[in-house]
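Encoded as structure tokens, the structure appears first; notes follow it.
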Amino acid sequence: MRKHVVSVLVLVAGCGGPSSSRQSDAGAGPPPIDAMADASPGTMFDAMPDAMHDARDPIVRVHVPTSVPGVYSAAFYDPANHLIAIVTVGADGIASAMMPDGGLVVVNPDPLGSAIDSVRALFGVEPGDDIKLVRPDSFNANDQRSITVSPQDGTAVYRAGTSCGGGGSITTDMTLFLISDCPLPQPIIVQAEDSDDAEARVIGAYRSTLTSTSSAVTGTYIPSETVSVQITNSTMDVSAETIMFPVVEDQLLNELNRGSRLVSIGADQGATISSTTVPGSMIDARRFQLLLDASFGTQIYQRMLAPTQPVFPFDGRTDGLPWYQARNYDPVQRKLTVSRAADPAIDGQTADVDFEGDFFHYHWTLVMPPNATEVVMPSLPWSNVDRDTTHGVIIQSSATSIRASSYNGYGDLRRGVPLTWSIGSFYDTTSR
């Protein structure tokens, strides 16, 4: 269970507002790919509207990582999928163009993706958008530190966590794997578990300080606490499980996450799911994840709980997101269609479409307004991410709704407003 940690979706998506969330099927398509191939970066095409309707900044700016300048390219479209410009990202990590309300920006490759042959398409873009597609710094555990922790009767596994990393051992001698620039001294929590499997319980834990000189991190174990989620009124037949992360100084102690067993819950039913975890007296908060898995989709609810909160109530009818009912990608019309119950509380949607043929495999991530039920992709000016999409390919697609306490609607999600976590914060998704 401990290894079944679900990563936070990252996310950069788009906002409602006065612009249309649908891309027109009837508008004239972009210039042929062959015609665009010879266009120099930054070429402007004739589809740009003659005038903006108001005095807002007409420029849309897209920021991507500057570590490899010149690699990224952005295509800017109007709401009818007419191409406005193709712009190579400069050494400053920015590509920009004038755009009307409700346009589309496609970035190649996707700065937030892991594949080279991938794009990120942001629908419902507005003039003045300053879009930040910057991947968070990756975690590199490349500094090893040997420590000795205090013994505890009945312990099968010791684990230790800091904001820079941690480690585990079946003995009191342990190796920590930390990022190389981890500032010391550093708070450290050591926990003792009674087994090394999914049913492991935390016996106790203590908090100490990791210094640059000492290898002994000692303390007196305090008995663990039990934290529960009380689920009522499940809207579907689901299997449920939870994961709990201690938080110290705004950092997750990933090595100390605690999971629960899978529990089956029937529609209109409920259950209480409990797990042992580090005492609240030695942490600042707990990051809680509830995973609900149905036969056709998954929901993940993440909450920041106060360290003194022993129970998290969850009512499926009032707290839960609607499930997606269907989704489909039509390769001939280049149209993605999604079907889900209306929910004005979400901030936006993302969709992933994979194309695979004999000699290519590429991935599209589409970022859509919360009320969008269909979006149409134009023909893209890059052959590495758009060719033969209607012939001899395997197509896979998925859709996800997102709501987060950090976002004030689709504009924040689309522009890449950073997620923040304080007591009461949330980040919820439902996918199919």
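This is a predicted model, so every value here is computed, not measured. We're numbering straight along the sequence, starting at 1.
Side-chain contact between T155 and I203: present, with at least one pair of heavy atoms (C-beta onward) separated by less than 4.5 Å. Here the side chains of E249 and P187 are in contact, with some heavy-atom distance below 4.5 Å. The shortest distance between side-chain heavy atoms of I231 and T272 does not fall below 4.5 Å. Here the side chains of V105 and Y77 are not in contact, with every heavy-atom distance at 4.5 Å or above. By the 4.5 Å heavy-atom criterion applied to side chains, N233 and Q269 are not counted as neighbours. Side-chain atoms of P127 and D101, non-hydrogen and from C-beta on, do get closer than 4.5 Å to each other. The closest side-chain heavy-atom distance from W421 to L252 is not below 4.5 Å. No side-chain heavy atom of R61 sits less than 4.5 Å from a side-chain heavy atom of D129.
The neighbour count for I170 CD1, taken as heavy atoms of other residues, nucleotides or ligands under 6.0 Å away, does not exceed 12. Counting heavy atoms of neighbouring residues, nucleotides and ligands inside a 6.0 Å radius, atom CG of D250 does not exceed 12 of them.
When every heavy atom of P65 is checked against every heavy atom of Y72, the shortest pair comes out as O-CE1, 4.0 Å. The minimum heavy-atom distance linking M236 with S234 is given by the pair O-OG, 2.6 Å. In plain terms, the two heavy atoms of A85 and A97 that are nearest each other are CB-CB, 4.3 Å. What you find for I84 and M98 is that their closest heavy atoms are CG2-O, 3.6 Å. Minimum heavy-atom separation, A205 to P279: CB-CD, 3.9 Å. Across E241 and I273, no two heavy atoms sit closer than the pair N-CD1, 4.4 Å.
Checked by atom type and distance alone, the side chain of S239 never pairs as donor or acceptor with a backbone atom of V263 at under 3.5 Å. When atom types are taken as modelled, the side chain of S274 and the backbone of T226 share no donor-acceptor pair closer than 3.5 angstrom. At distances below 3.5 Å, at least one donor-acceptor pair connects side-chain atoms of Q349 with backbone N or O atoms of P369. Side chain of E255 to backbone of G168: no donor-acceptor contact under 3.5 angstrom is found. The backbone N or O of G166 sits nowhere less than 3.5 Å from a side-chain atom of T162 that would complete a donor-acceptor pair. Side-chain N or O atoms of D428 include none that pairs as donor or acceptor with a backbone N or O of R403 at under 3.5 Å. The main-chain N or O of V202 is found under 3.5 Å from a side-chain atom of T276 such that the two form a donor-acceptor pair. With hydrogens and angles ignored, the 3.5 Å screen pairs no side-chain donor or acceptor of R287 with any backbone N or O of F245. Without hydrogens or angle criteria, W364 side chain to M377 main chain gives no donor-acceptor distance under 3.5 Å. Formation of a donor-acceptor pair under 3.5 Å by the S406 side chain with backbone atoms of T420 is found in this model.
A salt bridge is absent between D143 and R145; no separation between the charged side-chain nitrogens and carboxylate oxygens falls under 4.0 Å. A salt bridge does not link E193 to R201: none of the charged nitrogens lies less than 4.0 Å from a carboxylate oxygen. Salt bridge annotation for R317-D268: present, with a cationic side-chain nitrogen under 4.0 angstrom from a carboxylate oxygen. Salt bridge status for R327 with E374: absent, with no side-chain N to carboxylate O gap under 4.0 Å. The residues R334 and D386 are annotated as salt-bridged, a charged nitrogen and a carboxylate oxygen being separated by less than 4.0 angstrom. Under the 4.0 Å criterion applied to side-chain N and carboxylate O atoms, D330 and K335 are not assigned as salt-bridge partners.
Between F360 and Y362, the angle of the ring planes stays under 30°, which puts this pair in the parallel group of the 30/60° scheme. Relative orientation of the Y221 and Y158 rings is tilted, given thresholds of 30° and 60° on the angle between their planes.
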Full working for side chain to side chain donor-acceptor pair (under 3.5 Å) between Q251 and S163: CA-CA 5 Å; Q251 298 294 324; S163 64; 5.5 Å; no
Side chain to side chain donor-acceptor pair (under 3.5 Å) between H63 and D130, worked out: CA-CA 8 Å; H63 300 251; D130 203 45; 2.9 Å; yes
Test ring pair (Phe, Tyr, Trp, His ring centres under 6.0 Å) applied to F355 and Y329, step by step: CA-CA 11 Å; F355 302 84; Y329 180 77; 5.6 Å; yes
Verdict with supporting geometry, T235 and W323, side chain to side chain donor-acceptor pair (under 3.5 Å): CA-CA 9 Å; T235 57; W323 298 82; 3.2 Å; yes
Derivation and outcome, side chain to side chain donor-acceptor pair (under 3.5 Å), residues N328 and T337: CA-CA 5 Å; N328 179 66; T337 304; 5.4 Å; no
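Taking CD1 of I188 as the start and CZ of R207 as the end, the distance is 11.0 Å to the nearest 0.5 Å. Atom CD in E225 sits 11.0 Å away from atom CE in M244 (nearest 0.5 Å). To the nearest 0.5 angstrom, I116 atom CD1 is 13.0 Å from H361 atom NE2. Atoms OG and CZ, on S401 and R432 in that order, are 12.5 Å from each other to the nearest 0.5 Å. Taken from CG in N257 to CZ in R159, the straight-line distance is 8.5 Å, to the nearest 0.5 Å. The structure places CG of L210 at 5.0 Å from CG of L184, a figure rounded to the nearest 0.5 Å.
No close placement of the F288 and F426 rings is indicated, their centers lying 6.0 Å or farther apart.
Annotation: cation-pi geometry satisfied between R340 and Y324 (NZ/CZ under 6.0 angstrom from ring centroid, within 45° of ring axis).
A side chain to side chain contact (heavy atoms under 4.5 Å, CB included) with L122 holds for exactly one of L104, I131, V106; it is I131.
A donor-acceptor contact closer than 3.5 angstrom links the side chains of T365 and D352.
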